[in-house]
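Step one of this worksheet: look at the structure below.
Please read these numbers as outputs of a predicted model, since none were measured by experiment. Labels below follow one simple rule: chain letters A, B, ... track the order of the sequence lines, proteins then strands, and each chain is numbered from 1.
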Protein chains: 2
Amino acid sequence: MKTRITISDVANHANVSKSTVSQYLNKRFDYMGESTKNRIEEAIKELGYQPNAVARSLKQKSTSTIGVIVANILHAFSTQVIRAIEDYCNEYDFHIIVCNADDDPVKERKYIEMLLAKQVDGLIIFPTTGNVELYQKLVDSDYPLVFLDRNVENVDVPVIQLDNVKASKLAVQHFVEKGYQRIAIMTTSLELGVAPRIERINGFKEAIKEHSLVIRDEYVKGLKVEEVQDGLKKMLSMDEPPEAILASNDLILMEVLKYVKAHSIKVPEELAIIGIDDVSFASVYNPALTTIAQPTFVMGTQAAELLIEKLQNKESKIDPVYRYEPTLISRDSC
Amino acid sequence: MKTRITISDVANHANVSKSTVSQYLNKRFDYMGESTKNRIEEAIKELGYQPNAVARSLKQKSTSTIGVIVANILHAFSTQVIRAIEDYCNEYDFHIIVCNADDDPVKERKYIEMLLAKQVDGLIIFPTTGNVELYQKLVDSDYPLVFLDRNVENVDVPVIQLDNVKASKLAVQHFVEKGYQRIAIMTTSLELGVAPRIERINGFKEAIKEHSLVIRDEYVKGLKVEEVQDGLKKMLSMDEPPEAILASNDLILMEVLKYVKAHSIKVPEELAIIGIDDVSFASVYNPALTTIAQPTFVMGTQAAELLIEKLQNKESKIDPVYRYEPTLISRDSC
DNA sequence: TTGTACGCGTTATCAT
DNA sequence: ATGATAACGCGTACAA
């Protein structure tokens, strides 16, 4: 590996000083002689000089990089949002480093610390909600931070999140319109107290009440992904099994589909299904899946915008209390 | 935003010099007095000191970071491989920065340059194959580089790639065993000369011959994703339309599924389908999809291993000429 | 218009 | 056992 060319090499080659080259690189041409400019330009080309971003970052105390920590990259939602964040950042010449906490607060903490050590200019976190003290520390030191998908109680950070209550309500309403009465919901584990899951369950219960149906505890389950098959078995072999089920995210939806396939359950005749999160194969599946889509692109973009505005100390027009609107996409599974 | 604590602050606070703190941080305790050690430890805790990785990288000329540039993040293959790379890197305390070239050589070039400027220690690239001179420049300067998925003609870089010919042969053989004779293949655009696509087509043709069937040009198509619906229409409205089709990657498979659904074509009765790449929903789809899986986890891990060994100038036991074995997963779509 | 000198936070070398 | 000092490559006052 050849030793890299530095700004000094360019300066020597062009017979000027480092500072002049630096001026050139930063496009301060105000008082620069045409011939100097050309000599520098040529020297850069000939030597194949590339500025060293590490050195620049050290000096400028800014890396033009933001960190993104997702709670769980396996969710389609995460990848879609990341793409949107990346798109936006690209436009503003920011780079992103994506990390996957795997729903593990310990990993999350490790990544936060790593990214801070790397001096990223700000952080977008899909919080596991398991590192409240650390989040608070960041807030206290005014570190630029935006939460996505989930808020964390008592931690004052702007959050880009779905109107989860509404998402559930849309689903229940659709079920009811289609004539279903015995409606169930299945979410991923509630142990961690992750806000969206709780909100989706609460929204579900409210909606059930609003439609004058009864809430049956056996119809409302929060389970780890590995437990879902068992949970469905229990739920669907009750005396009065549900006729319809709301899968509260794409991972649960996959489990439900696995179950109905394994047990040859007809959808929607024997079990109607709605999934929150619009999965890639929803429209080609047989039957096509009715889903509740999140405005992932908008949410990602706004998170990035919010953060970058913070970095630049701009006033933001984005209202971090606003809840993003879910959309029901009616297809054939309900 | 509070000003960050530096090593000097710690040194002052502990009444020692910067160098001693540095020793401590780098675990050179050989000659360090117990009390000094404790004082430093305490100072670090009290001040909440975090080392600055940017400064360290500048000094050490190493960032413990590798760049990963995928040709197209939309492929399930890409995301699976990235996860494997990340897992491996984590173990060795390397970080990764992932970029998506979107099948665009211009973007790819931009990302390569950005990552070099950021002084990443090495690069894993799923090459678009559109930047041969640049790849060659990296090779010439002995820059640590590994290709994934695709080789590039005349550029001598270790490549982790599938045995694409075998993948097609497995598919054709399975079709034939199931009694299909008129077999087609559809790949993404061949314009760029991307090796795996060509190899899959070649493998397909070879296999057709080996089974004493005739190769019909109308049954062999390479199209842009947007053109696939049209292409399928033409292909399937021929006098003798194919009875079976090999979708050469997951994006094409989606298009095929979209088409058969839109036209109520029965799978596999009217059209048998095999897809290369094991998509997430293959087993829950109706009918469950027969796929050819790549050993994505192994491939990602080995790419990372190969690169990290290069960085450390180790001899590698990984044979970069080796082709990774595809596996046919027989389900119901053929 | 261009050059000199210093600082960013860390580590390595060499003294002490 | 610990400290002083010089790099690393770049940016920027300030001087010339």
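To the nearest 0.5 angstrom, Ile7(A) atom CD1 is 12.0 Å from Leu47(A) atom CG. Annotation: the span from Asp149(B) atom CG to Asn72(B) atom CG amounts to 10.5 Å, rounded to 0.5 Å. Separation of atoms OG1 (Thr79(A)) and CG (Leu74(A)) is listed at 9.5 Å; rounding is to 0.5 Å.
With distances taken from any side-chain atom of Lys61(B) to the nucleotides dC8(D), dT11(C), dT4(C), the minimum falls on dC8(D). When distances are taken from the side chain of Lys59(B) to each of dT1(C), dA7(D), dG9(D), the shortest belongs to dA7(D).
Rounded to an integer number of Å, the gap from CD of Gln23(A) to P of dG9(D) is 21 Å. Straight-line distance from the CG atom of Asn52(A) to the P atom of dC8(D): 12 Å, rounded to whole Å. In this structure, CD of Gln119(B) is placed 12 Å from C1' of dC10(D), rounded to the nearest angstrom. Distance CG (Leu58(A)) to C1' (dA7(D)): 13 Å, rounded to an integer number of Å. Distance, Asn12(B) CG to dG3(D) P: 11 Å, rounded to whole Å. One can place CG of Leu25(B) at 14 Å from C1' of dA12(C), the figure rounded to the nearest angstrom. Between Lys118(B) atom NZ and dC8(D) atom P the separation is 22 Å, expressed in whole Å. In this structure, the OH atom of Tyr24(B) is 17 Å from the C1' atom of dT11(C), given to the nearest Å.
At a cut-off of 3.5 Å, with distance as the only test, a side-chain donor of Lys118(A) or Thr65(B) sits close to an acceptor on the other residue. Ser62(B) and Asp121(B) share a side-chain donor-acceptor pair at under 3.5 Å. Side chains of Lys110(B) and Asn90(A): a donor-acceptor N/O pair is present below 3.5 angstrom, by distance only.
Contact between the side-chain N/O atoms of Thr20(A) and the OP1/OP2 oxygens of dT2(C) is not found at any separation under 4.0 Å. OP1 and OP2 of dG9(C) both lie 4.0 Å or more from every side-chain N or O belonging to Arg56(B). Within the 4.0 Å cut-off from OP1 or OP2 of dT11(C), at least one side-chain nitrogen or oxygen of Asn26(B) is found. For dG9(D), neither phosphate oxygen OP1 nor OP2 lies less than 4.0 angstrom from any side-chain nitrogen or oxygen of Thr6(A).
When each of Glu34(B) and Lys18(B) is assigned the nucleotide of DNA chain D bearing its nearest heavy atom, the one mapping closer to the 5' terminus is Glu34(B). Mapping Arg39(A) and Ile5(B) onto DNA chain C via the closest heavy atom, the residue that lands nearer the 5' end is Arg39(A). Between Thr36(B) and Gln60(B), the residue anchored nearer the 5' end of DNA chain D, judged by the nucleotide with its closest heavy atom, is Thr36(B).
Between Glu133(A) and Arg109(A), at least one side-chain nitrogen of the basic residue sits less than 4.0 Å from a carboxylate oxygen of the acidic one, meeting the salt-bridge criterion.
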Using the side chain to side chain donor-acceptor pair (under 3.5 Å) rule, take Ser17(A) and Thr20(A) through it: C-alpha gap first, then chi angles, then the decisive distance, then the call.
-> CA-CA 5 Å; Ser17(A) 75; Thr20(A) 311; 3.2 Å; yes
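Computed from C1' positions of five pairs at each end, the angle between the two local axes of the helix from dT1(C)-dA16(D) to dT16(C)-dA1(D) equals 50°, rounded to 10 degrees.
Within the 4.0 angstrom heavy-atom criterion, no nucleotide atom of any strand lies near Asp9(A).
Between the side chain of Ser19(A) and the base of dT4(C), a donor-acceptor pair under 3.5 Å is found. Contact of Ser17(B) with dA4(D) (side chain to base): no donor-acceptor pair of N or O atoms is detected under 3.5 Å.
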